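In what follows, a structure is listed as structure tokens, so that the remarks can point back to it.
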Amino acid sequence: MLNKYARAFFTRVLTPFAAMLLRKGVSPDAVTLIGTGGVIAGALVFYPWGHFFWGTVVITLFVFSDLVDGNMARQAGRSSRWGAFLDSTLDRVADGAIFGGLALWYAGGGDSLLMCAVAIFCLASGQVVSYTKARGEAIGLPVDVNGLVERAERLVITLVLCGFSGLHMFGVPYIDILLPIGLWVVAVGSAVTLVQRVVTVRRESAEADAADRDREGHPA
């Protein structure tokens with residue numbers, strides 16, 4: 001849901017910046033790599049130590065590279081299969097760093113094996129949700145479903161609540177409860193989305209198989 005509306009808004013906002021980078025000779029792939037590196041650094045340098053506010057600030061600054069690189073490629077007329085592959089692959093790496101950093105916090109200073117497990121589930125389920133769509137499309141199915149919690153929703157929920165939770169370090173009381181709430185919401189939402197996509201792929205594959213049998217039975 002957020003993918004549809006947020007991308008359209010930020011595409012308009014970031015178009016001048018993307019054009020400026022192209023004029024300076026920066027490639028879309030370079031932006032993708034730098035953005036992913038920034039997200040990984042923000043997640044794995046700050047989150048394992050409980051510095052959620054500053055970690056989220058750093059991550060948010062670099063997350064927008066995911067919109068800038070595609071915008072640059074379209075403006076330059078250089079959209080390619082390689083660019084799409086690189087972008088999608090590094091998105092998975094960035095997501096893994098974010099939830100991995102939170103899992104490390106809960107395994108250490110956060111002292112909660114339950115929340116560590118929830119963070120790991122968020123990491124794994126997010127990867128599998130993406131895989132189901134990619135795998136369904138690879139076998140020729142449209143996978144015509146968005147799902148309750150896609151990547152944009154996972155990031156917004158996690159980063160917003162994690163960032164606010166970090167205000168606990170500045171003396172704001174009780175606000176640190178927002179991070180566990182956010183992780184539980186993402187975990188449940190990802191599980192629902194996974195079921196939605198599996199059910200959709202099962203239905204579409206049954207319809208495709210039935211259509212194939214009809215064609216075999218009634219050759220042109």
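Values below: every heavy atom of this structure, side chains too, minus hydrogens, waters and symmetry copies. The model shown is predicted, which means the values in this text are computed figures rather than measured ones. We count residues from 1, following the sequence as given.
Counting heavy atoms from C-beta on, the side chains of Asp87 and Asp29 never come closer than 4.5 Å. The shortest distance between side-chain heavy atoms of Arg92 and Ser130 falls below 4.5 Å.
Qualifying ring-ring contact (aromatic ring centres under 6.0 Å, His included) partners for Phe53, counting only residues two or more places apart in sequence or in other chains: Phe170. Residues satisfying the side-chain hydrogen bond (donor to acceptor under 3.5 Å, both in side chains) test with Gln127, not counting sequence neighbours, are none. Among residues two or more places apart in sequence or in another chain, the side chain to side chain contact (heavy atoms under 4.5 Å, CB included) test is passed with Arg23 by Ala19, Met20. Scanning for salt bridge (charged side-chain N to carboxylate O under 4.0 Å, His left out) contacts around Asp144 gives an empty result, with sequence neighbours left out. Scanning for salt bridge (charged side-chain N to carboxylate O under 4.0 Å, His left out) contacts around Arg203 gives Glu207, with sequence neighbours left out. Checked against side-chain hydrogen bond (donor to acceptor under 3.5 Å, both in side chains), Asp111 has no partners two or more places apart in sequence or in another chain. For Arg197, the side-chain hydrogen bond (donor to acceptor under 3.5 Å, both in side chains) partners at least two apart in sequence or on another chain are Glu150. By the ring-ring contact (aromatic ring centres under 6.0 Å, His included) test, Phe85 pairs with Trp82, sequence neighbours left out.
The hydrophobic cluster containing Val128, built from Ile/Leu/Val/Met/Phe/Trp/Tyr side-chain heavy atoms closer than 4.5 Å, also comprises Val129, Leu194, Val198.
Closest approach of Asp176 to His168, counting heavy atoms only: OD1-ND1, 3.7 Å. Contact detail for Gly35 and Phe62: the closest heavy-atom pair is O-CB, 3.5 Å. Across Val58 and Gly38, no two heavy atoms sit closer than the pair CG1-O, 3.9 Å. Nearest heavy atom pair, residue Lys133 against residue Val143, reads NZ-O, 3.3 Å. Minimum interatomic distance between Asn146 and Thr193 (heavy atoms only, all atoms of both residues): O-CG2, 4.2 Å. Looking at every heavy atom in both residues, Ser190 comes nearest to Val149 through N-CB, 4.2 Å.
To the nearest 0.5 Å, atom OG1 of residue Thr60 and atom CG of residue Leu159 are 5.0 Å apart. We find the OG-CG distance between Ser65 and Leu33 to be 9.5 Å, quoted to the nearest 0.5 Å. Taken to the nearest 0.5 Å, the CG atom of Leu44 stands 9.5 Å off from the CD1 atom of Ile98. To the nearest 0.5 angstrom, Leu102 atom CG is 7.5 Å from Thr158 atom OG1. The CG atom of Leu178 sits 6.0 Å away from the OG atom of Ser165 when rounded to the nearest 0.5 Å. Distance CG/Leu155 to CD1/Ile59: 9.0 Å, rounded to 0.5 Å.
Within the structure, no pair that satisfies the salt bridge (Lys or Arg N to Asp or Glu O under 4.0 Å) test touches residues 34-50, not counting sequence neighbours. Residue pairs meeting the side chain to side chain donor-acceptor pair (under 3.5 Å) criterion with at least one partner in residues 31-49, sequence neighbours excluded, are Thr32-Asp69, Tyr47-Thr56.
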Please table the atom pairs, donor to acceptor, closer than 3.5 Å between any side-chain atom in residues 114-121 and protein atoms at least two apart or in another chain.
none

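Placement of Ile40 and Ile34 in two distinct hydrophobic clusters is found when ILVMFWY residues are connected by side-chain heavy-atom separations under 4.5 Å, directly or transitively. Cluster membership check: Tyr131 does not share its hydrophobic cluster with Val192, using side-chain heavy-atom separations under 4.5 Å among Ile, Leu, Val, Met, Phe, Trp and Tyr.
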**OP:** Give the C-alpha distance, both sets of side-chain angles, the deciding distance and a yes or no for side-chain contact (heavy atoms from CB on, under 4.5 Å) between Glu153 and Val156.
**Re:** CA-CA 5 Å; Glu153 286 85 358; Val156 168; 5.9 Å; no
**OP:** Before giving the answer on side-chain contact (heavy atoms from CB on, under 4.5 Å), spell out for Cys122 and Arg154 the whole-Å C-alpha distance, their side-chain angles and the decisive distance to 0.1 Å.
**Re:** CA-CA 9 Å; Cys122 290; Arg154 291 196 300 271; over 6 Å; no
Subject >> Intermediate values then yes/no, side-chain contact (heavy atoms from CB on, under 4.5 Å), Phe52 and Phe164 >> reply: CA-CA 8 Å; Phe52 300 130; Phe164 277 118; over 6 Å; no
Original post:
Yes or no on side-chain contact (heavy atoms from CB on, under 4.5 Å) for Tyr106 and Leu113, after CA distance, side-chain angles and deciding distance?
Top reply: CA-CA 6 Å; Tyr106 282 115; Leu113 291 181; over 6 Å; no
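Without hydrogens or angle criteria, Glu204 side chain to Leu141 main chain gives no donor-acceptor distance under 3.5 Å. A donor-acceptor pair is defined here as one N or O able to donate and one able to accept, closer than 3.5 Å; such a pair exists between the side chain of Gln75 and the backbone of Thr15. A donor-acceptor contact shorter than 3.5 Å is absent between the side chain of Gln196 and the backbone of Val145.
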